[in-house]
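In what follows, a single structure is set out as C-alpha cells and then discussed.
Quick note: residue numbers are just sequence positions, from 1.
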Amino acid sequence: MSLPWLCRRFWPEVMAEENHTLPEFLLLGFSDLRALQGPLFWVVLLVYLVTLLGNSTIILLTQASPALHSPMYYFLRHLSVVELLYTTDIVPRTLANLASPHPQAISFQGCVAQMYVFIVLGISECCLLTTMAYDRYLAICRPLHYSALMNWRACMAMVAVSWLMGIITATTHASLIFTLPFPSHPIVPHFLCDILPVLRLASAGKHKSEISVVTATVVFIMVPFSLIMASYARILGAILATASTQGRRKVFSTCSSHLLVVFLFFGTASITYIQPQGGSSVTMNRILSLFYTVITPMLNPIIYTLRNKEVAGALRHMVKRQVSSP
C-alpha cells in the first residue's frame, strides 16, 4: 500500500491537484541555532543508537526468556516496538537537518506520512501505558481473577485496540489538517511535521481542526493519565495493606519503573500540547519535543532494565549464556 494511494484515498480534494501545485514544507529545525547544530547532531545520533540497542534488547529478552512470558512483558515488548518505530519516523530526518546549515524541505506527502505515523505511534503508546497500568492493577488488587481477566486473548485484543485507536486518530487529524489551505511556501518552525506547528500555518478553516486536536488531547492524554493515576491509587492502598515488607518491596520494584515512564511521557506531552498558543517560545517547544521524541524512548528500556529485577536478571542470564557459549 503506497503513500500516494493513501493520499488519494483519504485526501481526494487535495490530491485532485497536480503534484507540483502541492505546497512543499520547509522544516526550520535548529538552523537558527547554528552553534548548537554540531553538538546536537552527535547527541541525537548517540541517543538514537542507544535507543535502537535498548529497545531491541527488551524485545529480544521478552521474546526469548521464559521468565518474561507474562502479560506485563508482552505489553512491554509492544511498547518497545512502538518506541523503535517512533524514533525511526523522526530521528533520521532530524539528523539530516542538523547536518545541514540550511532548513530542509519536505514534500507534502512526506509531511503527511511523518505526521500520520507520529500520531499513530503516539496514541498507541498512550493506550499501551494505560493497559500496562490496568495489568498491574489486576495483578495486585484482584490476583484471584487475574488469570481469567488477563488471558492471552484479552492481551492481544488490548494491543490491537491500542493500534486501532492510533490509526483512527491519525486518519481523523491528518484528514482535517491537510485539507486546509496552506501558504505556497510554508515554513514549519520545528524539526518535524508536528500537529500544532503545521496547523498554525493554515490560512483559514483551522477551527474544526483545533477542536479535533483539543478533543484528542483530552481523550488520549488527560483520560489515560487519570486512569493510570486511579489504578496506582488503588495499588498503593493494596501495598500499604500488605503486612510483608518484602512483598511491598517487590510490588514497588515492579510498579515504579512503569510509573516513572508514565510521568516522563505524559509530563512532556502535556506541557507541549496543553498550553495556550503563545504559552512558550518556539525554541522551548522544540526542546520539549526533542525530549519526548528522542530522549524518552532511550530512557524507557534503561529504566525497565535497571529498576526491574526480572528484566535485569534475564539480561544477565542472556549475557552469561553468550559469554560461556563456544
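Here the side chains of Leu290 and Arg286 are not in contact, with every heavy-atom distance at 4.5 Å or above. When side chains are defined from C-beta on, Pro224 counts as touching Phe266, because their heavy atoms get closer than 4.5 Å. Residues Arg93 and Gln114 form a side-chain contact, since some pair of their non-hydrogen atoms from C-beta on lies under 4.5 Å apart. In this structure the side chain of Trp163 reaches within 4.5 angstrom of the side chain of Val82, judged on heavy atoms. Side-chain contact between Met229 and Phe225 is present, with at least one heavy-atom pair separated by less than 4.5 Å. Counting only heavy atoms from C-beta outward, the side chains of Tyr48 and Val294 never approach each other to under 4.5 Å. Within the 4.5 Å cutoff, the side chain of Thr94 has no heavy atoms near those of the Leu192 side chain. Using a 4.5 Å heavy-atom cutoff, the side chains of Tyr74 and Leu68 are not in contact.
If you chain together hydrophobic residues whose side chains sit under 4.5 Å apart, Ile195 and Ile187 never meet in one group. Criterion: ILVMFWY side-chain heavy atoms under 4.5 Å apart, direct or through other members. Under it, Leu28 and Leu288 are not part of a common hydrophobic cluster. The cluster map of Ile, Leu, Val, Met, Phe, Trp and Tyr, joined by side-chain heavy atoms under 4.5 Å apart, puts Ile287 and Val188 in different clusters. Neither Leu26 nor Ile90 shares a network with the other; the hydrophobic side chains, linked directly or stepwise wherever heavy atoms of I, L, V, M, F, W or Y lie under 4.5 Å apart, form separate groups for each. If you chain together hydrophobic residues whose side chains sit under 4.5 Å apart, Val120 and Leu196 fall into the same group.
Between the side chain of Ser231 and the main chain of Tyr134, no donor-acceptor pair closer than 3.5 Å is present. Side-chain N or O atoms of Ser56 include none that pairs as donor or acceptor with a backbone N or O of Leu53 at under 3.5 Å. Under a 3.5 Å cut-off, the side chain of Gln104 and the backbone N or O of His102 do form a donor-acceptor pair. Between the Ser100 side chain and the Asn97 main chain, no donor and acceptor come within less than 3.5 Å of each other. Of the possible polar contacts, one joining the Asn151 side chain to the Arg153 backbone as a donor-acceptor pair under 3.5 Å is found. In this structure, the side chain of Arg77 does not engage the main chain of Ile59 through any donor-acceptor pair within 3.5 Å.
The structure places CG of Asn55 at 8.5 Å from CG of Leu76, a figure rounded to the nearest 0.5 Å. For the atom pair CG (Leu201) and CZ (Phe182), the distance works out to 6.5 Å, reported to the nearest 0.5 Å. With rounding to the nearest 0.5 angstrom, the CZ atom of Arg136 is 12.5 Å from the OG1 atom of Thr131. Atoms CG and NE2, on Leu27 and His190 in that order, are 9.5 Å from each other to the nearest 0.5 Å. Between the CG atom of Asp194 and the CZ atom of Arg200 there is a distance of 9.5 Å, given to the nearest 0.5 Å. Taking CD1 of Ile58 as the reference point, atom CG of Leu84 lies at 10.5 Å (rounded to 0.5 Å).
Scanning both residues, Ile228 and Ala133, for their nearest heavy atoms gives CG1-CB, 3.8 Å. Nearest heavy atom pair, residue Thr130 against residue Cys126, reads OG1-O, 2.8 Å. Annotation for Thr171 and Ile167: closest pair OG1-O, 2.8 Å, computed over non-hydrogen atoms. Here the shortest heavy-atom pairing between Trp152 and Pro71 reads CH2-N, 4.0 Å. Across every non-hydrogen atom of Cys155 and Phe75, the tightest pair is O-CE2, 3.7 Å. Closest approach of Leu45 to Leu95, counting heavy atoms only: N-CD2, 3.7 Å.
Between Tyr232 and Tyr137, the distance separating the two ring centers is not shorter than 6.0 angstrom.
Annotation: ring-ring contact (aromatic ring centres under 6.0 Å, His included) contacts of Phe118 (sequence neighbours excluded): Tyr86. Under the ring-ring contact (aromatic ring centres under 6.0 Å, His included) criterion, Phe30 pairs with Phe191, not counting sequence neighbours.
Counted within 6.0 Å of CG on Leu49, heavy atoms from surrounding residues, nucleotides or ligands total more than 12; the atom is thus considered enclosed.
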Q: Take Tyr116 and His173 through the side chain to side chain contact (heavy atoms under 4.5 Å, CB included) test and state the conclusion after the steps.
A: CA-CA 8 Å; Tyr116 190 88; His173 273 22; over 6 Å; no

Q: Start with the C-alpha gap between Val44 and Leu98, add the side-chain angles, then the distance that decides, and say whether side chain to side chain contact (heavy atoms under 4.5 Å, CB included) holds.
A: CA-CA 9 Å; Val44 172; Leu98 288 170; 4.0 Å; yes

(Q) Assess the residue pair His69 and Tyr73 against the criterion (ring-ring contact (aromatic ring centres under 6.0 Å, His included)); give the C-alpha distance rounded to whole Å, side-chain angles, the decisive distance to 0.1 Å, and a yes or no. (A) CA-CA 7 Å; His69 287 179; Tyr73 298 109; 9.8 Å; no

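The stretch residues 22-119 participates, sequence neighbours left out, in these disulfide (SG to SG under 2.5 Å) pairs: Cys111-Cys193.
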Quiz: residues 139-150 side-chain donor-acceptor pairs under 3.5 angstrom, not counting sequence neighbours:
unit_1: Tyr146; atom_1: OH; unit_2: Asp135; atom_2: OD1; d: 2.5

Show me the side-chain donor-acceptor pairs of residues 295-302 shorter than 3.5 Å, one per line, residues at least two apart or across chains.
unit_1: Thr296; atom_1: OG1; unit_2: Phe291; atom_2: O; d: 3.3
unit_1: Asn300; atom_1: ND2; unit_2: Glu83; atom_2: OE2; d: 2.3

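Think of Val223 as one node in a network of Ile, Leu, Val, Met, Phe, Trp and Tyr side chains linked at under 4.5 Å; its network also takes in Leu227.
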